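Have a look at the structure below, then the notes.
Counting starts at 1 for both ligands and their atoms, following the listed order. Keep in mind that what you see is a predicted model, and the values were worked out from it rather than measured.
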Amino acid sequence: MAKIYLDHGATTPLHPEVLEAMKPYLTDLFGNPSSLHSFGREVRKGLEEAREKAAAAIGAEEREIVFTSGGTESDNLAIRGVARAARQRGNHIITSAVEHHAVLDACLGLREEGFDVTVLPVDGYGMVRVSDVEAAITDQTILISIMLANNEVGTLQPVAEIGKIARGRGVVFHTDAVQAIGNLPVNVNDLHCDLLALSAHKHYGPKGVGVLYVRKGTRLKVFNFGGSQERKMRPGTENVPGIIGMGRAIELAVQELDKKADRIRKLRDKLIAGVLEIGDVRLNGHPTERLPGNVNVSVRYVEGESLILSLDLKGIAASSGSACTSGSLDPSHVLLAMGLDHQTAHGSLRLTLGAGNTEEEIDYVLSVMPEIVSRLRSMSPVYAGQRRD
Ligand SMILES: *Cc1c(COP(=O)(O)O)cnc(C)c1O
């Protein structure tokens, strides 16, 4: 049976060259990078090279790169770290309704601690309005956190414009760029951001490692204590093989960006066009300002979960909403924020393409989808009532 992976938004396979780069650090190069002897020094050298690669990939300086355990930790460290450091200056935080839970729940957690949190609405495409951000800023605002690219519907946010406004008003600006890196150019200076989160496993690196970019001069109050690794912002012996993998993966992600993104975008557009032809299917997210590999649709009269299971029987891996919300019966907070009713949100299907996908695979998906959808619809009492024939 075919085995087609269309869930790159959830995670990506390891790039073979990333595995090669990591191997020595899982075997011979086992020293602790904090050790003074040659075993330690050699590993330290690899670690600092990985830091150079991460910095170069996003236009940062090496000392502005903090290696973490992934996107979730980077987002939490950024948001909670800034909030705690700036408490004396103000208590207002601005974010959006379509953020990843790592951002949204970190902000809502701060609300319980007495911070005033504004969760901005989005338009029908899932996009934050720059004017809303501007209007929400008060003299109490200490932090704005708006993602670069949405993980569920792929919509790209006007982050550079928001960053410029934040800078002008003296407000610290964080962006979650986990889905963006490798899919579009990411430069911390063009984006005018002070903090930026990345995760290796979303760009063909290993799981459990990420980066928080911290612009020099940005104050964070950390919550873990121990050694002085990562300039005390992330104490504890480093995940050396992971960091080496992250360095190589981000280097490759940037090098291969143009070639890969164009090819994937073409496949995406073919997939979108084909799926819309089924009828009573709605594209969720922005038609053009979206991640090159993201397809998110609502198939009327069908539940997302049933679709995913039927596709899985045909060897096709897809998801509904985000991996984190699958398994619960709550519809996606992103789709609801975009104004979809519960039923339409429940019928959502996310197909996220990546480097390994081929046109033959897309053809196969499009050949089995109509049959699956009509079978599921034929079992739906709602559909029977709506049928015009
Ligand atoms: C996957 C993801 C995260 C979480 O990253 P982990 O490394 O899995 O913790 C955060 N934000 C976005 C947008 C993501 O897609």
Query raised in the report: Residues sharing Phe30's hydrophobic cluster, by side-chain heavy-atom contacts under 4.5 Å among ILVMFWY, directly or via others?
Result: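 Members other than Phe30 - counting any ILVMFWY side chain reachable under 4.5 Å - are Phe39.
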
Report task. State the CG-CG distance between Leu291 and Asn296, to the nearest 0.5 angstrom. Result ->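 Between atom CG of Leu291 and atom CG of Asn296 there are 11.5 Å.
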
Is [X] in polar range of ligand 1, meaning some N or O pair under 3.5 Å apart?
| X | result |
| --- | --- |
| Glu73 | no |
| Ser69 | no |
| Gly71 | yes |
| Asn151 | no |

**Report entry** Contacts of Asp363 that satisfy side-chain hydrogen bond (donor to acceptor under 3.5 Å, both in side chains) - sequence neighbours left out
**Finding:**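 Expected list: Lys270.
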
**Report entry** ligand 1 versus Asp176: contacting region, heavy-atom distance under 4.0 Å
**Finding:**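 Contact part for Asp176 vs ligand 1: side chain (C-beta onward).
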
What protein heavy atom sits nearest [atom], and how far away is it?
| atom | value |
| --- | --- |
| atom 3 (C) of ligand 1 | His100 NE2, 3.5 Å |
| atom 14 (C) of ligand 1 | Lys202 NZ, 3.0 Å |
| atom 7 (O) of ligand 1 | Ser199 OG, 2.6 Å |
| atom 8 (O) of ligand 1 | His201 NE2, 2.8 Å |

**Report entry** Enclosure of Lys164 NZ (heavy-atom neighbours >12, cutoff 6.0 Å)
**Finding:**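 Counting neighbours around NZ of Lys164, 12 or fewer heavy atoms of other residues, nucleotides or ligands fall under 6.0 Å, so no.
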
**Report entry** Heavy atoms of other groups near Glu48 CD, more than 12 under 6.0 Å
**Finding:**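 Atom CD in Glu48 is packed in, count exceeds 12.
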
Query - Donor-acceptor pair between His201 and Thr12 side chains, under 3.5 angstrom - result: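 Side chains of His201 and Thr12: no pair found under 3.5 Å.
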
Query - Sole candidate of Ile93, Ile94, Val171 that passes side-chain contact (heavy atoms from CB on, under 4.5 Å) when paired with Ile142 - result: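 It is Ile93; the other options fail the test.
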
